[in-house]
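Below is one structure; the comments refer to it alone.
Quick note: residue numbers are just sequence positions, from 1.
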Amino acid sequence: MNSKVEKALNEQVHAEFFSFYLYLSVAAYFTAQHLDGFSHWMRIQAQEEFGHAMKLFDYLNERGGTVELMALEAPQKEWDSPSSAVEAVLKHEQYISNRINQIVDLATAENDHATTVMMHWYVNEQVEEEATADTLYHQVKMVESSPHGLLMIDRELAGRPAPVSEAGAEA
Ligand SMILES: [Fe+2]
Ligand SMILES: [Fe+2]
């Protein structure tokens, strides 16, 4: 496959695994805060990121590319408040969306139509990911001064079902 696209996809595999790692770290933070619903939600979000990485991993193999796994840096582990932890997720999703748009631009410039089409799944997924993180961030901000409000959100987040496929992706 096109070597520039192959490199960009390998870097995205790394970025999705880092998302997995970061959200696990956020989950651990929430467990330490006794907000088990938030923790559960973040853990499922981490599983989804694992799925996103594996979908690219499989695609690289399918196209005859070489998968190159890179070292994962340690994610942040402490936040000042529940809202700043959720804000870290929102900021990270915005960063991921940017990267995905750049890969679509690259694949288009390189006439790699298969990659362009495959990456559209990620473009759509990011719309949902950013919207969900944005809503959660603003809701947590709204109630942060009231433990009652925070516990209500925690109870709601506890009900998030696990991803359907074993890889954690929704496709
Ligand atoms: Fe992702
Ligand atoms: Fe994500």
Side-chain angles (χ1 to χ4, degrees), residues 5-33 35-63 65-104 106-107 115 118-137 140 153-154 156-171:
V5 173
E6 182 184 40
K7 181 171 180 283
L9 292 179
N10 270 305
E11 285 166 358
Q12 193 59 27
V13 168
H14 175 264
E16 299 289 350
F17 277 128
F18 182 74
S19 304
F20 165 76
Y21 227 35
L22 175 63
Y23 299 168
L24 271 189
S25 186
V26 176
Y29 161 79
F30 278 121
T31 296
Q33 302 297 310
L35 289 167
D36 294 342
F38 278 87
S39 182
H40 167 80
W41 193 93
M42 289 296 167
R43 193 179 169 125
I44 288 177
Q45 192 57 38
Q47 268 176 268
E48 286 215 354
E49 300 303 347
F50 179 83
H52 296 168
M54 290 312 291
K55 193 177 164 78
L56 292 168
F57 179 103
D58 290 341
Y59 178 77
L60 274 161
N61 283 330
E62 218 180 329
R63 292 291 302 284
T66 304
V67 171
E68 254 184 76
L69 295 176
M70 294 165 228
L72 284 173
E73 52 275 45
Q76 188 175 339
K77 57 180 183 179
E78 299 278 357
W79 286 271
D80 295 338
S81 60
S83 69
S84 57
V86 177
E87 190 180 21
V89 175
L90 173 61
K91 290 268 155 65
H92 187 69
E93 288 299 331
Q94 290 165 345
Y95 161 76
I96 291 288
S97 297
N98 256 328
R99 296 186 57 101
I100 284 166
N101 290 337
Q102 284 169 20
I103 297 173
V104 173
L106 173 70
T115 298
M118 184 277 298
M119 288 304 295
H120 283 169
W121 183 88
Y122 287 85
V123 173
N124 283 326
E125 179 70 8
Q126 284 311 115
V127 172
E128 194 191 314
E129 298 259 280
E130 277 194 50
T132 309
D134 189 71
T135 301
L136 185 57
Y137 170 64
V140 173
I153 296 179
D154 190 66
E156 193 187 316
L157 296 180
R160 182 177 182 180
V164 277
S165 81
E166 53 154 0
E170 285 156 4

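Interatomic distance, Glu68 CD to Leu9 CG, rounded to the nearest 0.5 Å: 12.5 Å. Note that OH of Tyr29 is 8.0 Å distant from CD of Glu78, once rounded to the nearest 0.5 Å. Asn124 contributes atom CG, which lies 10.5 Å from atom CD1 of Ile100 (distance to the nearest 0.5 angstrom). Of the inter-residue distances, the one linking Trp41 atom CH2 with Leu35 atom CG reads 14.0 Å to the nearest 0.5 angstrom.
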- prompt: Do Val89 and Met42 pass the side chain to side chain contact (heavy atoms under 4.5 Å, CB included) test, and can you show the C-alpha distance, the side-chain angles, and the key distance before you say yes or no?
  reply: CA-CA 9 Å; Val89 175; Met42 289 296 167; 3.9 Å; yes
message: Pair Leu157, Leu136 - check side chain to side chain contact (heavy atoms under 4.5 Å, CB included), show working.
response: CA-CA 10 Å; Leu157 296 180; Leu136 185 57; 3.9 Å; yes
task: Please test Leu56 against Tyr122 for side chain to side chain contact (heavy atoms under 4.5 Å, CB included), starting from the C-alpha separation and ending with a verdict.
output: CA-CA 10 Å; Leu56 292 168; Tyr122 287 85; 3.3 Å; yes
message: Could you walk me through whether Ile96 and Glu16 satisfy the side chain to side chain contact (heavy atoms under 4.5 Å, CB included) test, starting with their C-alpha distance in whole Å, then the side-chain angles of each, then the deciding distance to 0.1 Å, before giving a yes or no?
response: CA-CA 8 Å; Ile96 291 288; Glu16 299 289 350; 4.0 Å; yes
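Here the shortest heavy-atom pairing between Ala8 and Ile103 reads O-CD1, 3.9 Å. Here the shortest heavy-atom pairing between Phe57 and Val13 reads N-CG2, 4.1 Å. Here the shortest heavy-atom pairing between Asp154 and Asp36 reads OD1-N, 3.5 Å. When all heavy atoms are compared, the tightest approach of Glu73 to Tyr21 is O-CD2, 3.6 Å. Here the shortest heavy-atom pairing between Arg160 and Ile44 reads O-CD1, 3.1 Å. For the pair Ala85 and Phe30, the tightest heavy-atom approach, listed with the atom from each and the gap, is CB-CZ, 3.9 Å.
Counting only heavy atoms from C-beta outward, the side chains of Ser25 and Trp79 approach each other to under 4.5 Å. A 4.5 Å side-chain heavy-atom check between Phe38 and Ile153 finds at least one atom pair inside the cut-off.
Counting non-hydrogen atoms of neighbouring residues, nucleotides and ligands closer than 6.0 angstrom, the CZ atom of Arg63 exceeds 12 such neighbours.
No option in Arg99, Lys7, Gln102 other than Arg99 meets the side chain to side chain donor-acceptor pair (under 3.5 Å) test with Gln12. Applying the side chain to side chain donor-acceptor pair (under 3.5 Å) test between Gln126 and each of Glu93, His52, Gln94 identifies Glu93 as the sole match.
Note: His14 and Phe17 fail the aromatic proximity criterion, with ring centroids not under 6.0 Å apart.
Taking the six-membered ring where the residue is Trp, Tyr23 and His92 present perpendicular rings, their angle passing 60° and hence far from 30°.
Judged by distance alone, the side chain of Tyr59 and the main-chain N or O of Thr115 form a donor-acceptor pair under 3.5 Å. Between the Glu6 side chain and the Thr66 main chain, a donor and an acceptor come within less than 3.5 Å of each other.
Comment: Glu125 does not engage Lys55 in a salt bridge, judged by the lack of any side-chain N to carboxylate O separation of less than 4.0 angstrom.
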